[in-house]
2 protein chains.
Amino acid sequence: MTLDDVAAQAGVSAKTVSRVVNGERSVRPDTRQRVLRAIEQLDYRPNLLARGLSGSHAYTIGLVYDNPNAYYIIAMQQGALTACDALNFGLQMRPCDSTVPGLAEDLRDFVHRSRLSGLVLTTPVSERQATLRKLAAYRIPFVRIVSAAKSPHDGIPCVYVDDRDAAYAITAHLLQLGHVRIGFLRGGKQHHASAERLQGYQDALRHYGVTLRKELMIEGDYVFDDGFRGARRLFELAEPPTAIFGCNDEIAAGALAAAQSTGLHVPYDVSIAGFEDSPFSRHSWPPLTTARQRADVIVERATRMLIARIRGEHVDNESFNPELVVRGSTAPPRPKSRRRKRG
Amino acid sequence: MTLDDVAAQAGVSAKTVSRVVNGERSVRPDTRQRVLRAIEQLDYRPNLLARGLSGSHAYTIGLVYDNPNAYYIIAMQQGALTACDALNFGLQMRPCDSTVPGLAEDLRDFVHRSRLSGLVLTTPVSERQATLRKLAAYRIPFVRIVSAAKSPHDGIPCVYVDDRDAAYAITAHLLQLGHVRIGFLRGGKQHHASAERLQGYQDALRHYGVTLRKELMIEGDYVFDDGFRGARRLFELAEPPTAIFGCNDEIAAGALAAAQSTGLHVPYDVSIAGFEDSPFSRHSWPPLTTARQRADVIVERATRMLIARIRGEHVDNESFNPELVVRGSTAPPRPKSRRRKRG
DNA sequence: TCCAGGTATGACAGCGCTGTCAAGCGTTGC
DNA sequence: GCAACGCTTGACAGCGCTGTCATACCTGGA
C-alpha cells in the first residue's frame with residue numbers, strides 16, 4: 001500500500017494524499033473526506049523510512065530522560081509509544097546526564113544526526129533553564145514535563161504535574177491519622193519536584209498548625225540507601241518521628257528497610273509513606289501508602305502535544321494531579337506509653 | 001556525509017562503498033582498506049532510512065519479550081541497543097503474550113509490516129517450539145536465548161544460559177550453611193528456566209544426600225504475591241523449612257515480606273535466596289542472596305549473532321553462566337531450641 | 001596466444017515519500 | 001467584464017541507499 005494506491009482510489013494526486021496524511025490545512029473538506037475514506041478502505045499506513053528520507057525531518061521524536069528508575073522509564077516509553085503509533089511517528093529513547101555541561105549541544109547533535117522531529121524532555125532535564133533556552137535558540141521543537149502547581153508563563157509548551165498538592169495530601173493524611181512528628185526524607189535535589197514535595201509537606205504542617213522542625217527534614221538523593229540512612233538518623237533522635245514521608249518510593253523502601261533493621265514495626269511503631277506508586281510500593285511489606293503518578297499517561301499527552309506542535313498546530317499547556325493511594329504502611333500512631341523497641 | 005562522498009574520497013563507486021559497509025566478500029582487500037580509510041576520515045555513518053527504503057529489509061531488528069519485569073526489559077533493551085548502535089542497525093521493542101495462539105503469525109506480520117531484518121527471541125517466547133518452527137518456515141532470521149545446561153543441537157542458533165548450574169550453586173550455598181529443610185518456590189511454569197532451576201535445586205539436594213520433600217516445593221508464578229502466599233504455606237507446615245529458595249527475586253521478595261509479616265527474622269529465623277540480581281534483591285532488608293544474570297550482556301551477544309547471521313556469516317552458539325551473589329538474607333540455621341516466633 | 005569462467009567493479013533504476021514550484025480555479029473589487 | 005488574488009491541486013525531482021545487471025579484469029589451461 002503506497003500513497004499512489006490511495007491516490008488512485010480517491011481520484012487525486014499522491015501529493016494531495018500526503019497533505020491529508022500530514023494534516024495540512026489547504027485541502028478542501030470534501031477532498032479530505034474522499035482521501036480519508038480511501039486510506040481507511042486500503043488500511044494505508046505511511047512508510048516512516050520514505051517520509052524520513054524525503055522530508056525535512058525523520059518523523060521521529062526523541063524521549064530524553066535522566067532517571068535511574070526502570071519502572072519509570074518503561075512507563076514513559078509505553079506512553080510515548082502509544083502516541084507515536086497512533087500518529088505514525090517513530091520513537092528514539094535518549095538517556096542522558098542532566099548535569100553535564102554541553103547537554104544542549106549534545107541534544108542538538110542527537111537531533112540533527114537522526115534528523116529528529118522534536119524532543120520530549122522529562123525531569124530533571126526539563127528544569128534546566130539554560131538548556132531549554134539553547135534548544136529553543138537552535139529551533140528544536142520540544143515539549144517539557146515539569147513539576148509545578150500552576151501553568152508556567154514562559155511561552156514554552158509543557159505538561160505540568162502538581163507534586164505540591166499531592167505531597168500536601170499525603171502529609172494531611174498522616175496528620176489526620178494523628179501524627180504530629182512527621183519526618184521528611186528529601187531526595188533528588190536536582191529535581192524541582194522534590195522542592196515542590198517539600199513545599200507541600202510544609203504547607204500541610206502549617207495549615208494544621210504544626211511547627212516545622214529542621215531535624216525532621218533530611219536531605220538525600222532519590223535512592224534506597226539515602227532512605228535507609230536518613231530514616232536511621234531520624235530513629236536515633238531523642239524524640240523520633242512517628243511517621244516518615246519519603247520523597248519517592250525508593251526512599252520510602254529504604255526507610256522501611258531501616259525500620260525493619262531497627263526492629264520497629266511498620267505501621268504500628270512508625271508509619272511510612274512514599275511517592276510514585278512504583279511496584280516497590282506494592283511489593284514491600286507492608287505495602288506503601290503513596291501518590292499515584294501515571295507517567296505513561298503524562299508522557300503520552302506530552303508526546304501528542306509535541307507532534308501537534310511539529311505539525312504547526314496550536315497547543316495549550318496541560319496539567320495532571322497525582323492521586324493519594326492509602327495502603328498498609330500508614331496507621332495512627334501508637335500511644336507513647338505502649339511504644340517500645342523490638343528485636 | 002553520503003556514500004558518494006566516501007566514494008569520491010576513496011576513488012571508487014558508491015556501490016563498492018556500499019559493499020564494504022555491508023561486509024560483502026567480493027571486494028579486493030586493498031580496495032576495502034581504501035574505502036575503510038575514507039569512511040573513517042569522513043566519519044561516515046550510513047543512513048538507516050535510506051538503506052531501509054532501498055534494501056530488501058529495514059536494517060532493524062525486533063526484540064521480542066514476554067516479561068513483566070521492568071528491570072529486565074531495560075537491561076535487555078540496553079544490551080540490544082549497544083549492539084545495534086555499533087553495527088548501524090535500528091531496534092524495535094516488541095512485547096507480546098507468549099501463550100496466545102497465532103503468535104508466530106503475529107510476529108511474521110510484525111516483521112513484514114516493518115520489513116524487519118530479524119528477531120531476537122527471549123524467554124519464554126524462545127521456548128515455544130511450534131512458534132520457532134513456523135518462524136523458520138517463514139524464513140525469518142532469528143536468534144533465541146534459552147535456558148539450557150548445554151548447547152541445543154536443533155540447528156537453530158541460540159545463546160543459552162545455564163540456570164541449572166546457578167540454582168545448584170545457590171542450593172549448595174544453603175546446604176553448606178547447614179540447612180537441610182530448604183523450601184523451593186517455583187514460578188513461571190511457562191519458562192523452561194524455572195524447570196532448570198528446580199532441577200538444579202534437586203540435583204544439589206541429591207548430591208548432598210538430602211531427601212527431596214514434596215511439601216517443600218510449591219508451584220506459583222514469577223510474581224510477588226505467589227512468593228508471599230507460597231512462603232506463608234511453608235511457614236505453616238508442622239516442620240517449616242529453615243531456608244527458602246525463590247525461583248526469582250520477585251518471588252523471594254514476596255517470601256521476605258511473608259516472613260516479616262509472620263514475625264520471622266531474616267536470616268536468623270529463616271534464610272531466603274532469590275535469582276536474578278534485580279534491584280529488588282539489593283533494595284530489600286536484608287538484601288537478598290541471589291544469582292547474577294547479565295541480561296544486557298546476554299542480549300547484546302544475541303543481537304550481534306543475529307546481525308552476523310543476517311549478513312550471511314557463520315555463527316556458533318554461545319553460553320553464559322549466572323554467578324552466585326551472597327548477601328545478608330542467608331545465614332546458618334538457628335539451633336532448634338532457640339528458634340521462636342516473634343510477634 | 002586465446003578463450004572460458006570466475007571475480008571485482010560500476011551504471012542505473014527505483015524504493016515511497018515530501019519540497020518546490022507552477023497551474024488551475026473560483027472569488028472579489030473596480 | 002477583467003485583473004488580481006487566494007485557495008486548492010498536481011507534476012516532478014530527488015532524498016541516500018541497495019538490487020540488478022552489465023562490464024572490466026584476472027587467472028589458468030589448451
Side-chain angles (χ1 to χ4, degrees), chain A residues 1-36 38-39 42-60 87-90 112-117 310-312, chain B residues 1-36 38-39 42-60 87-90 112-117 310-312:
Chain A
M1 278 307 115
T2 72
L3 268 191
D4 281 323
D5 298 321
V6 179
Q9 172 90 3
V12 296
S13 74
K15 181 65 209 183
T16 298
V17 179
S18 167
R19 290 195 174 97
V20 171
V21 169
N22 289 291
E24 291 178 32
R25 269 174 292 274
S26 67
V27 178
R28 274 213 326 264
D30 58 323
T31 311
R32 177 183 306 277
Q33 281 313 314
R34 242 181 322 138
V35 171
L36 287 175
I39 287 176
L42 301 179
D43 189 28
Y44 167 76
R45 306 201 68 192
N47 180 325
L48 252 174
L49 300 172
R51 304 176 93 174
L53 182 59
S54 168
S56 57
H57 58 100
Y59 291 80
T60 292
L87 299 166
N88 283 310
F89 268 66
H112 287 169
R113 252 193 329 106
S114 304
R115 298 183 41 255
L116 295 186
S117 313
I310 290 164
R311 290 179 163 181
Chain B
M1 278 308 114
T2 73
L3 270 191
D4 282 322
D5 298 322
V6 180
Q9 173 88 3
V12 297
S13 75
K15 181 65 208 183
T16 298
V17 178
S18 167
R19 290 197 174 95
V20 171
V21 169
N22 289 291
E24 292 179 30
R25 268 174 294 273
S26 65
V27 178
R28 272 213 328 263
D30 58 322
T31 310
R32 178 185 306 279
Q33 281 313 314
R34 242 180 323 139
V35 171
L36 287 174
I39 288 176
L42 301 178
D43 189 28
Y44 167 76
R45 306 200 69 191
N47 180 324
L48 250 173
L49 300 171
R51 303 177 95 174
L53 182 58
S54 168
S56 57
H57 59 101
Y59 292 79
T60 292
L87 298 168
N88 281 311
F89 268 66
H112 287 169
R113 252 194 327 106
S114 303
R115 297 181 43 254
L116 295 186
S117 313
I310 290 165
R311 290 179 163 181

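Below, read A as the first sequence line, B as the second, and so on, with proteins coming before strands; counting in each chain starts at 1.
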Asker: In whole Å, what is the span from the CG atom of A/L48 to the C1' atom of D/dG16?
Answerer: 17 Å
Asker: Any chance you could measure A/L3, atom CG, to A/T16, atom OG1, to the nearest 0.5 Å?
Answerer: 10.5 Å
Asker: Could you work out which one of D/dT9, C/dC15, C/dT9 sits closest to the side chain of B/T31?
Answerer: C/dT9
Asker: Starting from C1' on C/dA22, measure out to NZ on A/K15 and report it in whole angstrom.
Answerer: 14 Å
Asker: Between D/dG10, C/dT9, C/dC17, which nucleotide has the shortest distance from any of its atoms to the side chain of B/R28?
Answerer: C/dT9
Asker: Which pair of non-hydrogen atoms, one from A/A58 and one from A/S114, has the smallest distance, and what is that distance?
Answerer: CB-O, 3.5 Å
Asker: Determine, stepwise, if the pair A/V35 / A/Y44 fulfils side-chain contact (heavy atoms from CB on, under 4.5 Å).
Answerer: CA-CA 11 Å; A/V35 171; A/Y44 167 76; over 6 Å; no
Asker: Looking only at the side chain of B/S13 (C-beta and beyond, no hydrogens), which of the listed nucleotides D/dT18, D/dG16, C/dG10 gets closest?
Answerer: C/dG10
Asker: Rounded to the nearest Å, what distance is computed from the CZ atom of residue B/R115 to the C1' atom of nucleotide C/dC15?
Answerer: 8 Å
Asker: Please confirm whether the shortest side-chain N or O distance from B/Y44 to OP1 or OP2 of D/dC17 is below 4.0 Å.
Answerer: yes
Asker: So does B/T2 get a side-chain nitrogen or oxygen closer than 4.0 Å to the phosphate oxygens (OP1/OP2) of D/dG16?
Answerer: no
Asker: Under 4.0 Å: is that the gap between some side-chain N or O of B/S56 and OP1 or OP2 of D/dG19?
Answerer: yes
Asker: Measure from CG on B/L3 to C1' on D/dG16 and round the result to the nearest Å.
Answerer: 7 Å
Asker: Could you state the CG-P distance from A/N47 to D/dC17, rounded to the nearest angstrom?
Answerer: 17 Å
Asker: The test is side chain to side chain donor-acceptor pair (under 3.5 Å); show your working for B/R51 and B/N88 and say whether it passes.
Answerer: CA-CA 10 Å; B/R51 303 177 95 174; B/N88 281 311; 5.7 Å; no
Asker: Over how many whole Å does the gap from B/D4 atom CG to C/dA11 atom P extend?
Answerer: 11 Å
Asker: Between A/R45 and B/A14, which has a closest nucleotide on DNA chain C that is more 5'?
Answerer: B/A14
Asker: In whole Å, what is the span from the CE atom of B/M1 to the P atom of D/dG16?
Answerer: 11 Å
Asker: Among residues 16-25 of chain B, which contact DNA chain D at a heavy-atom distance under 4.0 Å?
Answerer: B/S18, B/N22
Asker: Indicate yes or no for a side-chain donor-acceptor contact from B/T2 to the backbone of B/D4 under 3.5 Å, with no hydrogens or angles considered.
Answerer: yes
Asker: So how far is it from A/R25 CZ to A/R311 CZ, rounded to the nearest 0.5 Å?
Answerer: 11.0 Å
Asker: With distance as the sole criterion, do the side chain of A/S54 and the base of D/dG14 form a donor-acceptor contact below 3.5 Å?
Answerer: yes
Asker: When the distance from CZ of A/R51 to C1' of C/dG16 is rounded to whole Å, what number comes out?
Answerer: 11 Å
